[in-house]
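Structure, as structure tokens:
Chain A is the first sequence line, chain B the second, and so forth, proteins listed ahead of strands; every chain is numbered from 1. In this text, all values refer to a predicted model and were calculated from it rather than measured experimentally.
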Amino acid sequence: MSTPPRVRFAPSPTGYLHVGGARTALFNWLYARKTGGVFVLRIEDTDQQRSTEENTQVILDGLRWLGLQWDEGPVFQGEAVARHRADAERLLAEGKAYRCFCTKEELEAQRKATLKGAEAFKYDRRCDRLPAAEVAARMTQGMPFVIRFRMPQEDIAWNDAVHGTITFHGRDLDDLIILRADGTPIYNMAVVSDDIAMRITHVIRGDDHISNTPKQLALYRALGAAIPTFAHVPMILGADGKKLSKRHGATAVGDYQNLGILPAAMRNFLALLGWSPGEDREIMAEAELIALFSLEGIQKKPAVFDTTKLEWMNGQYLSLLPTEELLEPVARELDRLNLNYGSREVLVPYINAVKARSRTLLDVARQVAVRLDSHQLELDEKGRSLIKQMGDGYFRSLALAHETLSAISEGEWRHERILAALKDTVEKEGLKLGDLLQPIRVALTGSTVSEPVNELLEVVGRSSALARLTAAARSLANSQ
RNA sequence: GGCCCCAUCGUCUAACGGUCAGGACACCACUCUUUCAAGGUGGUAAUACGGGUUCGAUUCCCGUUGGGGUCACCA
């Protein structure tokens, strides 16, 4: 009986939680849930300059929002520097690492000199050739030094759970610094030391770490530790095929939260970026996702983040969600618009009317807002072009609609009665129903898309509907 | 540039030597609603290229091209 797997998500709090990181976290979480393993959250805050408490909070909030509950942590890497240092010094004591007295400036000069060459820069190990007496002398002088790991000059390979065998050659690898002059550890040292200490069995991380893996593997061996399974998941790219970054617009998990994406939809969509259950499955509940997940199903090539498909998926989740669950987020959005609607219960018929026609919570809120308050009305692209297309016909239709509808009393203002009246007028005038209904739709909502017009009229109410028809006709007259 | 990874419709993907190369988003058409959407039905659209291996390659091997990642006393 083997021990349960232990996986980790290890973001550094130097920025927000971006969708690539969120997906890495999701895969780790799914793997842990699937295998009965443990999902550890580790905050890699060893870069004191760029790490902030605020970023940490944003990352934690993002994970919680996505429903990715961790089992251990958050563990802060910065709290374990003593161990990192001890591991580095052990390598030094065992002769697997050496002191390097080269300054940043010297290294920079060396780097410049080789940059033009056919190969990448590699430290020439000059300090490794220093006689022991010289090292001792420099130390008594108090010369600052870093500790460098002596990279074995042999092939380093591993069997990656998504890529298969990946091989690097020791001759291409640099003697990496593992401890800075100030005694703080460098990333690769800290990670290996932590993953060993936390008994991590599966390292599931982004493809951008592939080049770190041979270095870390060498460190594991030098430390005599068991080597975990590595799984490098593909990157997420923007629509232009370039690595997803801020210039692509929304890349932070929080951005999608603000856009009105539901956590379940985001999770489902992210899972399908670079992973497939193998059948033609798309919409999957949390339990199905967990049941179907496997490392084998992870794609090797990078995936392009398609916001349109995310919104489609969100629309699917939205229309399945009971209206009660939409009450709170929609109300919050309306509050932001400073809209007065009385009690939340008032919103129910409005949400019901627009829910199936929306892709995001923001869509829902905006449509509800327009129905509640004519000041929220804004002509959209299609509305504008309809008016242009109909010309005078639009004006006539509004007048006709107003005449027809004002004949209906407040007490009779029900969608059945409204539809009957409108049909009646259409017949008398020899029009098509759409000729009358589309203008009403645009006048009332600014958009060409809504629930059936008679229902829209009922929801908006008699006086507001008539006022909007008049206002639309007037503003049209003014603009001509 | 060195090293590493990768390559099926525009996008996300299925296929683990034999399929008319399937599904989803997007797009188009039709349909339903005496209305716009949604829904339903159908359609356009892909194995980057060149060599092998094989009776047979999307699938295995090699090369080319293209893309991505990475080369810090950052993580």
Sugar-phosphate, base or nothing in reach of [X], heavy atoms under 4.0 Å:
X: A:Thr184; answer: nothing
X: A:Gln299; answer: sugar-phosphate
X: A:Arg281; answer: nothing
X: A:Ser450; answer: base
X: A:His232; answer: nothing
X: A:Ala303; answer: sugar-phosphate
X: A:Lys382; answer: nothing
X: A:Asp435; answer: nothing
X: A:Lys300; answer: sugar-phosphate
X: A:Val146; answer: base
X: A:Asp182; answer: nothing
X: A:Lys432; answer: nothing
X: A:Lys423; answer: base
X: A:Thr14; answer: nothing

Find which nucleotide of RNA chain B each of A:Arg359 and A:Trp275 is nearest to by heavy atoms, and output the residue with the more 5' nucleotide.
->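 Final value for this comparison: A:Trp275.
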In terms of the nearest nucleotide of RNA chain B, which residue is placed more toward the 5' end: A:Thr167 or A:Phe305?
->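 The residue whose closest nucleotide sits nearer the 5' end is A:Thr167.
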[N]: pairing nucleotide in any strand, Watson-Crick or G-U under 3.5 angstrom:
N: B:C3; answer: B:G69
N: B:U35; answer: none
N: B:C49; answer: B:G63
N: B:C74; answer: none
N: B:C25; answer: B:G10
N: B:G18; answer: B:C55

Establish, with yes or no, whether the OP1 or OP2 oxygen of B:C73 is under 4.0 angstrom from a side-chain nitrogen or oxygen of A:Arg111.
->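 It does, given that an N or O in the side chain of A:Arg111 lies less than 4.0 Å from OP1 or OP2 of B:C73.
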OP1 or OP2 of B:A75 sitting under 4.0 Å from any side-chain N/O of A:Arg180?
->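 Indeed, a polar side-chain atom of A:Arg180 lies that close.
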Rounded distance (nearest 0.5 Å) linking atom OG of A:Ser319 with atom CZ of A:Arg357 |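 With rounding to 0.5 Å, OG (A:Ser319) is 11.5 Å from CZ (A:Arg357).
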Nearest 0.5 Å please: distance from the OG1 atom of A:Thr445 over to the CG atom of A:Leu379.
->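 Answer for the OG1-CG pair, A:Thr445 versus A:Leu379, is 9.0 Å.
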Proximal nucleotide (of [options]) relative to the [X] side chain:
X: A:His209; options: B:U34, B:U70, B:A75; value: B:A75
X: A:Lys242; options: B:U35, B:G68, B:A75; value: B:G68
X: A:Thr308; options: B:A75, B:C73, B:C25; value: B:C25
X: A:Gln316; options: B:G67, B:C36, B:G39; value: B:G39
X: A:Asp306; options: B:G68, B:C25, B:C36; value: B:C25
X: A:Val304; options: B:C4, B:U11, B:G69; value: B:U11
X: A:Ile210; options: B:U35, B:G68, B:C4; value: B:C4
X: A:Lys301; options: B:G69, B:C12, B:A75; value: B:C12
X: A:Arg50; options: B:C12, B:C74, B:C36; value: B:C74
X: A:Asp207; options: B:C5, B:C36, B:A75; value: B:C5

What's the gap between [N] and [M] when it is taken at their [atom1] atoms, as a whole Å value?
N: B:U54; M: B:C62; atom1: C1'; result: 16 Å
N: B:G51; M: B:A14; atom1: P; result: 28 Å
N: B:A15; M: B:U59; atom1: C1'; result: 8 Å
N: B:U19; M: B:U34; atom1: C1'; result: 46 Å
N: B:C9; M: B:U13; atom1: C1'; result: 11 Å
N: B:A24; M: B:U8; atom1: C1'; result: 15 Å
N: B:U58; M: B:A46; atom1: P; result: 15 Å
N: B:C4; M: B:U64; atom1: P; result: 14 Å

Under 6.0 Å from the [atom1] atom of [X], do we count more than 12 heavy atoms belonging to anything else shown?
X: A:Glu288; atom1: CD; value: yes
X: A:Lys382; atom1: NZ; value: no
X: A:Glu416; atom1: CD; value: yes
X: A:Glu54; atom1: CD; value: no

Side chain of A:Asp280, base of B:G22: donor and acceptor closer than 3.5 Å?
->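 Flag set: donor-acceptor pair detected.
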Would you say the side chain of A:Lys309 and the base of B:A24 hold a donor-acceptor pair, judged only by whether the two atoms sit under 3.5 Å apart?
->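 Per atom types, the contact qualifies.
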Rounded to the nearest Å, what distance is computed from the [atom1] atom of residue [X] to the [atom2] atom of nucleotide [N]?
X: A:Gln110; N: B:C71; atom1: CD; atom2: P; answer: 19 Å
X: A:Phe269; N: B:U11; atom1: CZ; atom2: P; answer: 14 Å
X: A:Ile261; N: B:C25; atom1: CD1; atom2: C1'; answer: 14 Å
X: A:His163; N: B:A7; atom1: NE2; atom2: P; answer: 9 Å
X: A:His169; N: B:C71; atom1: NE2; atom2: P; answer: 19 Å
X: A:Arg205; N: B:U70; atom1: CZ; atom2: P; answer: 13 Å
X: A:Glu416; N: B:U34; atom1: CD; atom2: P; answer: 14 Å
X: A:Arg441; N: B:A37; atom1: CZ; atom2: C1'; answer: 8 Å

Would you check if there is a donor-acceptor pair between the side chains of A:His202 and A:Asn28 at a distance under 3.5 Å?
->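 Their side chains do not contain a donor-acceptor pair, so the 3.5 Å distance test is not met.
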Just checking, any donor-acceptor pair under 3.5 angstrom between side chains of A:Thr404 and A:Thr425?
->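 Judged by distance alone, the side chains do pair up.
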Got a salt bridge between A:Arg83 and A:Asp194, using NZ or NE/NH1/NH2 to carboxylate O under 4.0 Å?
->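 The answer is yes: the pair qualifies as a salt bridge.
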Distance-only, no hydrogens or angles: does the A:Arg468 side chain make a donor-acceptor pair with backbone N or O of A:Leu444 under 3.5 Å?
->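 Indeed, once roles are kept as given, a pair shorter than 3.5 Å links the two residues.
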